[in-house]
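The block underneath contains the structure these notes are about, expressed in C-alpha cells.
What you are looking at is a predicted structure, and each value in this text was computed from that prediction instead of being measured. Chain A is the first sequence line, chain B the second, and so forth, proteins listed ahead of strands; every chain is numbered from 1.
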Number of protein chains: 2
Amino acid sequence: MAKDTIRNMEEFAAVSGISRPTVSKYFNDPESVRQSTRQRIEDALEKYDYRPNIYAINQNRKLTKNLGIVVPYLADPFFAELARNIEQRCVAAGFRPTLYSSYGDPDRENDILDSLRSLKPAGVLLAPLGRTSNQAVIEKFCNDVPTILFDSFIPDVGLGFVGSDNSQFGPLIVEYLCRTGEPPSFLEMKTPANPNANKRRHAYINAMEQSGHEPQVVQVDGEGWHFEEIGRSEGGKALAAGLFKSNTVLCSNDRLAIGFLTACYEQNVRVGRDSDCQIRVAGQDDHPFSRFTCPPLTTIAQDYDAISRCAVETLFKAIEGSENKHETRLFEGRLVMRDSA
Amino acid sequence: MAKDTIRNMEEFAAVSGISRPTVSKYFNDPESVRQSTRQRIEDALEKYDYRPNIYAINQNRKLTKNLGIVVPYLADPFFAELARNIEQRCVAAGFRPTLYSSYGDPDRENDILDSLRSLKPAGVLLAPLGRTSNQAVIEKFCNDVPTILFDSFIPDVGLGFVGSDNSQFGPLIVEYLCRTGEPPSFLEMKTPANPNANKRRHAYINAMEQSGHEPQVVQVDGEGWHFEEIGRSEGGKALAAGLFKSNTVLCSNDRLAIGFLTACYEQNVRVGRDSDCQIRVAGQDDHPFSRFTCPPLTTIAQDYDAISRCAVETLFKAIEGSENKHETRLFEGRLVMRDSA
DNA sequence: ACTAAAATTTTACGCGCGCAAAGTTTAAGG
DNA sequence: CCTTAAACTTTGCGCGCGTAAAATTTTAGT
C-alpha cells in the first residue's frame with residue numbers, strides 16, 4: 001500500500017529505492033539501466049502505476065517524440081487509408097503521431113503548421129493541399145521542422161518527397177484501354193486541387209500521341225474536394241452533351257470516376273466491357289471503394305504500402321542521421337483490371 | 001530590429017514594455033487586459049512573432065485546452081465525416097482537438113485512452129469500438145476525464161451520450177418498403193462490432209411484426225471493419241443460395257449495403273424499383289458514398305450535424321458548469337429515398 | 001481634484017523533469 | 001584481491017510559465 005498517489009518522479013524514485021536521475025534514464029530508455037535496477041523500477045511501476053508528466057518531459061527535452069501527419073482531406077478514404085498506414089508505422093517505432101487534416105482549407109493548413117511548430121515535433125509527414133497551399137508558409141515550415149512531403153509534390157521543399165510516378169500511369173492505362181477497345185477521352189476538373197492531376201493529364205496526352213491517337217481532354221467546372229459530386233453533375237452534363245468523342249473515359253482520379261459512374265447510371269448508359277455496354281470508364285488511384293462500385297472500377301493502383309513505408313523510413317533516417325540530400329522516391333502504379341473498362 | 005529571437009515570455013515582456021504576468025494574462029485572455037496594454041502587446045507581437053511555450057503552459061495550468069476525439073475507424077468515411085464536423089466545432093470554440101482512431105483494435109483503444117489521460121485534456125469525445133471494447137478501461141477513463149460518448153452507447157458511462165435513435169430507424173424504413181413493395185428481409189453480420197446493429201435488428205423485427213409481416217433476419221459471417229467486403233462476399237453467397245425470402249433486402253448499415261450491391265451486380269441481379277429490377281436494397285446511415293452507388297442507395301440518414309453539434313455542446317456545458325447528470329440525447333433518422341429501393 | 005475601483009507591476013514560489021558534473025558503487029577480468 | 005570501466009547516486013541548476021499576494025499605478029466617477 002504505502003503512499004497511494006505518486007505525484008512526481010521524485011516520489012516514485014523514493015518508493016522504488018532508486019535515485020531520480022536513474023529513474024529518468026529508465027523512462028528514456030529502459031535498456032540503459034542495469035538489469036537489477038530495471039527490475040526494481042518495473043516492480044514499483046506495477047504497484048504504483050506512475051507515469052512521467054509528458055509536458056515536463058517535452059519542455060526540457062531538446063527533441064520530443066512527437067510526429068505530425070498532415071493530409072489535405074481526411075474524409076477522403078484515400079488519405080484516411082494512407083494516414084492509417086503511416087500512423088501505425090510511427091506508433092510501432094515508438095513515436096507519438098498526431099493526425100491533422102486541412103479539410104481543403106489553405107488557412108487551416110497554415111494554422112496546422114503553425115500549431116505543429118509549437119509542438120516541437122521530431123518530424124512531420126506532410127501531404128500539402130496542392131495548388132491552393134501557401135507555398136511560402138510550407139517552405140518556411142520545412143526549414144524549421146524536419147519534414148517529408150508525400151502525395152503532392154513541391155519542388156525543393158522539405159527533406160524529401162515520396163509518392164507515385166503519375167507520369168507512368170498514363171502509358172499503363174492508355175495502352176490497356178487502346179488494346180481492349182477505343183482509345184480513351186480524359187475527364188478532369190478544370191482547376192484541379194492536386195498537382196498530380198496535371199502530371200496525369202500530360203501523361204495521358206503523351207501516351208495517346210505516342211501510340212498515334214489523338215488525345216481529347218474534357219475539363220469540367222467545380223471547386224473543392226467533393227469530387228464525386230463534380231463527376232456526377234458536371235461529368236454527367238458533358239456526357240449528356242455528347243462531349244466525349246470516345247466511348248472510353250479515363251478519369252483523372254477514382255473519386256471523379258465514381259461520380260461519373262453515377263451519372264452514367266442516371267442517364268441509363270450501361271458501363272462495362274461487355275458487348276451490350278455503351279461506355280467504358282476507368283480511374284486512377286485504386287480508391288478503397290473502387291472495388292465496390294457497379295461495375296467495379298478499372299484503375300491504376302497507387303502503392304499505399306510502399307509509399308507510407310518509404311515516407312516513414314525516410315523521415316526516420318533524416319531524424320537520426322540528419323541526411324540533408326533532398327531525395328525523391330516515386331513508386332510505380334499497378335493496373336487493376338475490373339469490369340468497368 | 002533589436003533582439004531577433006525572443007526566447008521566452010520574460011524577454012517578450014521586456015521588449016513590449018509590459019510586465020511578464022500581464023503578458024501571461026493577455027495570452028490567456030486578450031480581453032482581460034486594458035485596451036492600451038493589449039495594443040502594445042500586439043504591436044510587439046507583430047515585430048517579434050513570439051509564441052508561448054505550450055508545454056510550459058500545460059505543465060502549470062490545472063486544465064489544458066486540449067480535447068480528444070476518438071473514433072473506432074477513421075478510414076470509414078462515416079466516422080471521418082463525423083470527426084471532421086466535431087473537430088471544426090472544437091477549433092471554432094478555441095480548443096485544440098486531437099484525432100485518434102482505434103482502427104478496430106481494442107488494445108489500441110486502450111492505448112489511446114492511456115496516452116490521452118496523460119495529456120490532461122479538458123474533455124474527450126469518444127465513440128467506442130463497441131462489443132470488443134474493454135468496458136472496464138473505458139469506465140475508469142470516464143471517471144478521470146470529462147467524456148461524452150457518441151455513436152456507440154454504453155450504459156451509465158461518461159457524462160452523456162449522443163447518437164441516433166436506432167430503434168426509430170426500423171419503423172421508418174420498414175413502413176416505406178412495405179408501402180412500396182414487398183416487406184424486407186434483414187441482412188447483417190453475425191457478430192456485429194457495433195451495438196447499434198442489435199438495436200436495428202430489434203427495431204426491424206418489431207416493425208415487421210407490428211405491421212403483420214414475418215421478419216426474416218439473414219446473418220452472415222465476417223469479422224472486422226471491412227464491411228463492404230463482407231457484404232459482397234458473404235452477402236453474395238446468401239443471395240446466390242436464395243436465402244432471402246423477400247425481393248427486398250434491408251441492410252444493417254450502408255457499408256454492408258454497398259458491398260451487397262456489388263454482389264448483386266456480380267450475379268447479374270438488377271437492383272432498383274423499376275419493373276425490370278429483381279431486387280430492392282436499402283441501407284442505414286446515409287454514408288457519404290451512398291449517394292453515388294449504382295443505383296444510389298435508399299437509406300436512413302443519421303443527422304451528422306445535430307449529433308456532432310450536440311456532442312460538442314454537451315461537453316462544453318459539462319466542462320464549464322460541471323453538470324453531473326448523465327444525459328442521453330438521441331436524434332431521429334430521416335428517410336432518404338433514392339433509386340435502390 | 002478627490003476617492004474608490006480596476007488594472008498593472010513587483011516579488012516570489014512552484015510545477016515536474018532533463019541534464020551535467022562529480023563522487024560512489026558495482027561488475028568483470030586478470 | 002586488485003584494477004577499471006560501467007553503472008549508479010548525489011547535488012544542483014535550469015526550462016518557461018502559472019499564479020498568488022502585496023504594492024503601485026491608472027481609470028472612472030461624483
Side-chain angles (χ1 to χ4, degrees), chain A residues 3 5-45 48-66 94 96 115 117-122, chain B residues 3 5-45 48-66 94 96 115 117-122:
Chain A
K3 261 188 198 159
T5 52
I6 303 291
R7 303 197 150 277
N8 52 38
M9 196 179 278
E10 185 113 32
E11 290 187 14
F12 178 74
V15 299
S16 57
I18 311 267
S19 73
R20 189 179 69 75
T22 304
V23 172
S24 168
K25 205 175 172 198
Y26 166 83
F27 278 110
N28 282 316
D29 178 11
E31 310 273 354
S32 70
V33 303
R34 200 188 304 150
Q35 180 57 35
S36 60
T37 311
R38 179 174 176 179
Q39 195 56 54
R40 287 165 71 188
I41 293 179
E42 287 173 351
D43 287 349
L45 220 41
Y48 298 94
D49 95 302
Y50 156 79
R51 308 187 45 174
N53 180 308
I54 196 168
Y55 295 114
I57 292 176
N58 285 331
Q59 179 175 16
N60 296 308
R61 243 211 292 261
K62 31 204 149 210
L63 216 52
T64 70
K65 276 286 189 178
N66 295 334
R96 296 177 53 103
S115 84
R117 194 193 306 266
S118 62
L119 282 182
K120 304 183 198 300
Chain B
K3 260 188 200 160
T5 52
I6 303 291
R7 302 197 150 277
N8 52 37
M9 195 179 280
E10 185 113 29
E11 290 187 13
F12 178 73
V15 299
S16 57
I18 311 269
S19 74
R20 189 181 68 75
T22 304
V23 172
S24 169
K25 205 176 173 198
Y26 165 84
F27 279 109
N28 281 316
D29 178 12
E31 309 274 353
S32 70
V33 303
R34 201 189 302 149
Q35 181 56 37
S36 61
T37 310
R38 178 174 176 178
Q39 195 56 53
R40 287 166 71 188
I41 293 178
E42 286 172 351
D43 288 349
L45 221 41
Y48 298 94
D49 95 303
Y50 155 79
R51 309 186 46 174
N53 181 309
I54 196 168
Y55 295 114
I57 292 176
N58 285 332
Q59 178 175 17
N60 297 308
R61 244 211 291 261
K62 32 207 147 207
L63 217 53
T64 71
K65 276 287 189 177
N66 295 333
R96 297 177 54 104
S115 84
R117 195 194 305 268
S118 63
L119 283 182
K120 304 183 199 300

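Under a 3.5 Å cut-off, the side chain of A:Thr64 and the backbone N or O of A:Asn58 do not form any donor-acceptor pair.
Following rounding to the nearest Å, A:Lys25 (NZ) and D:dT10 (C1') show an atom-to-atom distance of 15 Å. Across the protein-nucleic acid pair, A:Asp29 atom CG and D:dA7 atom P stand 11 Å apart, rounded to whole Å. Taking atom CD on B:Gln59 and atom C1' on D:dG18, their separation rounds to 10 Å, with Å as the unit. Distance A:Met9 CE to D:dT9 P: 13 Å, rounded to the nearest Å. Put simply, CD1 on B:Ile54 is 15 Å from C1' on D:dG18, counting in whole angstrom units. Counting to the nearest Å, the P atom of D:dC15 and the CZ atom of B:Arg20 are 13 Å from each other. Per the geometry, CZ belonging to B:Arg51 stands 16 Å off P belonging to D:dG16, to the nearest Å. Per the geometry, CG belonging to A:Asn60 stands 13 Å off P belonging to D:dG14, to the nearest Å.
Close approach of DNA chain C to chain A, defined as any atom under 4.0 Å from a non-hydrogen atom of the protein, starts and stops at C:dG16 to C:dT26.
Under the 30°/60° scheme for interplanar angles, the aromatic rings of B:Phe12 and B:Phe27 are found to be tilted.
When heavy atoms are screened at a 4.0 angstrom cut-off, A:Asn28 is found touching the sugar-phosphate backbone but no base atom. If you check every strand for non-hydrogen atoms under 4.0 Å, A:Phe12 touches nothing. Nucleic acid contact for A:Pro52: sugar-phosphate only, since backbone atoms but no base atoms lie under 4.0 Å from a heavy atom of the residue. Here A:Tyr50 lies in heavy-atom contact (under 4.0 Å) with sugar-phosphate atoms only.
Legend: residues meeting side chain to side chain contact (heavy atoms under 4.5 Å, CB included) with A:Ile18, ordered by chain and number and at least two apart, are A:Ser16, A:Thr22, A:Val23, A:Thr37, A:Arg40, A:Ile41.
Between A:Pro30 and A:Arg38 the shortest heavy-atom distance is O-CD, 3.5 Å.
Within the 4.0 Å cut-off from OP1 or OP2 of D:dG18, at least one side-chain nitrogen or oxygen of B:Ser24 is found.
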Quiz item: Hey, mind stepping through A:Asn8 and A:Glu11 against side-chain contact (heavy atoms from CB on, under 4.5 Å) and telling me if it holds?
Solution: CA-CA 6 Å; A:Asn8 52 38; A:Glu11 290 187 14; 3.6 Å; yes

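Near DNA chain C, meaning a heavy atom under 4.0 Å away, the residues from residues 31-39 of chain A are A:Arg34.
Atoms CD1 and NZ, from A:Ile57 and A:Lys65 in turn, are 11.5 Å apart once rounded to the nearest 0.5 Å.
By the 6.0 Å contact criterion, CD on B:Glu10 is open, its count of non-hydrogen atoms from other residues, nucleotides or ligands being 12 or less.
The one candidate from B:Asn53, B:Asn60, B:Leu119 that meets the side-chain contact (heavy atoms from CB on, under 4.5 Å) condition with A:Tyr55 is B:Leu119.
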